[in-house]
Amino acid sequence: MNNHLLSSNPGPIGVFDSGYGGLTILKHIRTVLPDYDFLYLGDNARTPYGTRSFQVVYEFTLQCVSKLFEMGCHLVVLACNTASAKALRTIQQIDLPRIDSNRRVLGIIRPTVESLGNMTRTRHVGLLATPGTVKSLSYPLEINKLFPDIIVTGEACPIWVPLVENGESGSDGADFFVRRHVENLLAKDPEIDTILLGCTHYPLLLEKISRYVPEHIRIVSQGEYVASSLKDYLERHPEIDSRCTRNSSCRFLTTESVETFLPNASIFMDDGINAESVTL
Ligand code: DGL
């Protein structure tokens, strides 16, 4: 990427996801930061990322972040657990100093993890996520940095994202797969008292997940924690905040065709949206 192409003018906050899932995060972010401008990019043409290798997720994520920088963003949130797990560190440590050391990329694992400390009494936490996120061990590593006493058990749910993406989250068939993974997780560690939904799609399955999780176990969706952490970040970093424009606008970009993106996006957003197709 040629960094001479990057504008120094303030711009919207970029929100990236492999597809639609980041819309569940964006919704919470816009609630706590209603004045800011946002540019959402979904890599719908190449979703899902959850079953792809480290190298591929890193390369795809870097392309999307570079696109958002070119389109004027100074701050990009990776609203995707798989990208946060597999690409964030390398982009922050290797790519940003090369592209523009004044731009920032944030992930969503750390803010989610920070919220956990006071929630679990047994100190046994369950993680439901994509195979990529579970295999990366990012959640246990981040959790244990802050709370070394917490035991984290992961369960990969490879079919949950396709269920949501295909509008099947409310169907009877979805119950079978939701129940299976919840039961697998609780069988691995019966002392779990807190279950983390470590994938942006899973809030759409919350009703079904709650059906199979015993009442004493708390289920944690990450949207509100990510949103309040971003607000806090902007307050603590006025030099970044001043480079974020505020006209309450939100644009949606997809690497797929608009015709494909819009009907499915409505599963994730209550209000109608317009979208534009982009080439990376
Ligand atoms: N958005 C991804 C996440 O939060 C899930 C979708 C995918 O596998 O690409 O992990």
Side-chain angles (χ1 to χ4, degrees), residues 1-45 58-80 83-84 87-88 90-108 110-111 200 223 226-256 258 261 265 268-269 271 273-280:
M1 171 182 188
N2 185 348
N3 57 6
H4 299 300
L5 294 176
L6 297 181
S7 161
S8 55
N9 293 339
I13 297 174
V15 177
F16 163 73
D17 181 43
S18 58
Y20 300 108
L23 295 172
T24 63
I25 304 283
L26 178 62
K27 207 158 132 180
H28 286 276
I29 293 178
R30 288 184 76 195
T31 305
V32 301
L33 297 170
D35 299 340
Y36 288 77
D37 295 325
F38 294 96
L39 186 56
Y40 182 88
L41 172 58
D43 192 5
N44 301 82
Y58 160 65
E59 281 167 14
F60 285 2
T61 304
L62 180 58
Q63 284 173 358
C64 292
V65 167
S66 302
K67 186 75 190 178
L68 287 166
F69 284 165
E70 280 167 26
M71 297 190 76
C73 302
H74 290 254
L75 171 65
V76 172
V77 178
L78 301 186
C80 173
S84 299
L88 179 65
T90 315
I91 290 177
Q92 284 177 333
Q93 289 170 5
I94 309 287
D95 297 297
L96 279 184
R98 177 178 57 80
I99 296 171
D100 179 351
S101 55
N102 291 322
R103 292 186 196 240
R104 295 288 180 272
V105 179
L106 305 175
I108 57 173
R110 183 71 183 216
T200 51
V226 171
S228 67
S229 164
L230 180 61
K231 185 167 186 265
D232 180 57
Y233 178 88
L234 290 169
E235 282 163 8
R236 286 185 292 108
H237 293 89
E239 75 289 2
I240 304 292
D241 189 51
S242 65
R243 283 185 261 139
C244 300
T245 51
R246 302 184 191 205
N247 300 298
S248 304
S249 74
C250 192
R251 278 174 73 196
F252 296 88
L253 308 175
T254 174
T255 54
E256 248 297 349
V258 171
F261 178 78
F268 293 82
M269 300 292 278
D271 28 316
I273 57 172
N274 291 315
E276 298 150 59
S277 189
V278 285
T279 314
L280 297 174

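Any value given below was found using the heavy atoms of this structure, including those in side chains, with hydrogens, waters and symmetry copies removed.
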Are side-chain heavy atoms of [X] and [Y] found at a separation under 4.5 Å?
X	Y	value
Leu41	Val15	no
Val65	Phe60	no
Tyr233	Arg104	yes
Ile99	Leu6	yes
Phe38	Arg251	no

inquiry  = Could you check whether Asn44 and Thr254, counting side-chain N and O atoms only, form a donor-acceptor pair closer than 3.5 Å?
reply    = yes

By ring-ring contact (aromatic ring centres under 6.0 Å, His included), Phe261 pairs with (sequence neighbours left out) Tyr20

Can you list, pair by pair, the side-chain donor-acceptor contacts under 3.5 Å of residues 71-79, counting residues two or more places apart and other chains?
residue: His74; atom: NE2; partner: Asn9; partner atom: O; Å: 2.7

Mind listing the closest non-hydrogen atom pair of [X] and [Y] along with its distance?
X	Y	result
Cys244	Ile13	SG-CG1, 3.8 Å
Pro111	Val226	CB-CA, 4.1 Å
Gly107	Ser84	CA-OG, 3.6 Å
Gly22	Tyr40	N-OH, 3.3 Å
Val105	Phe69	CG2-CZ, 3.8 Å
Gln92	Pro97	O-CD, 3.5 Å

Holding to side-chain hydrogen bond (donor to acceptor under 3.5 Å, both in side chains), I want the full list of residues that pass it with [X], two or more places apart in sequence or in another chain.
X	answer
Arg103	Asp100
Arg246	Tyr36, Asp241
Asp232	Arg236

Quick check: does any side chain N or O of Lys67 sit under 3.5 Å from a backbone N or O of Leu62, one acting as donor and the other as acceptor? no

Once rounded to the nearest 0.5 Å, what's the spacing between atom [atom1] of [X] and atom [atom2] of [Y]?
X	Y	atom1	atom2	value
Leu88	Asp95	CG	CG	11.0 Å
Thr90	Tyr58	OG1	OH	6.0 Å
Phe268	Leu26	CZ	CG	12.5 Å
Thr255	Gln63	OG1	CD	10.0 Å

Across all chains, not counting sequence neighbours, the salt bridge (Lys or Arg N to Asp or Glu O under 4.0 Å) partners of Glu235 are Lys231

Across all chains, not counting sequence neighbours, the side-chain contact (heavy atoms from CB on, under 4.5 Å) partners of Thr200 are Asp17, Thr24, Ile25, Asn81, Ile108, Gln222

Residues two or more places apart in sequence or in another chain: which of them pass side-chain contact (heavy atoms from CB on, under 4.5 Å) with Gln93?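 Residues passing side-chain contact (heavy atoms from CB on, under 4.5 Å) with Gln93: Arg89.
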
In short, salt bridge (charged side-chain N to carboxylate O under 4.0 Å, His left out) pairs touching residues 32-43 with sequence neighbours left out are Asp43-Arg46

Could you walk me through whether Phe16 and Thr61 pass the side chain to side chain contact (heavy atoms under 4.5 Å, CB included) check? CA-CA 8 Å; Phe16 163 73; Thr61 304; 3.9 Å; yes

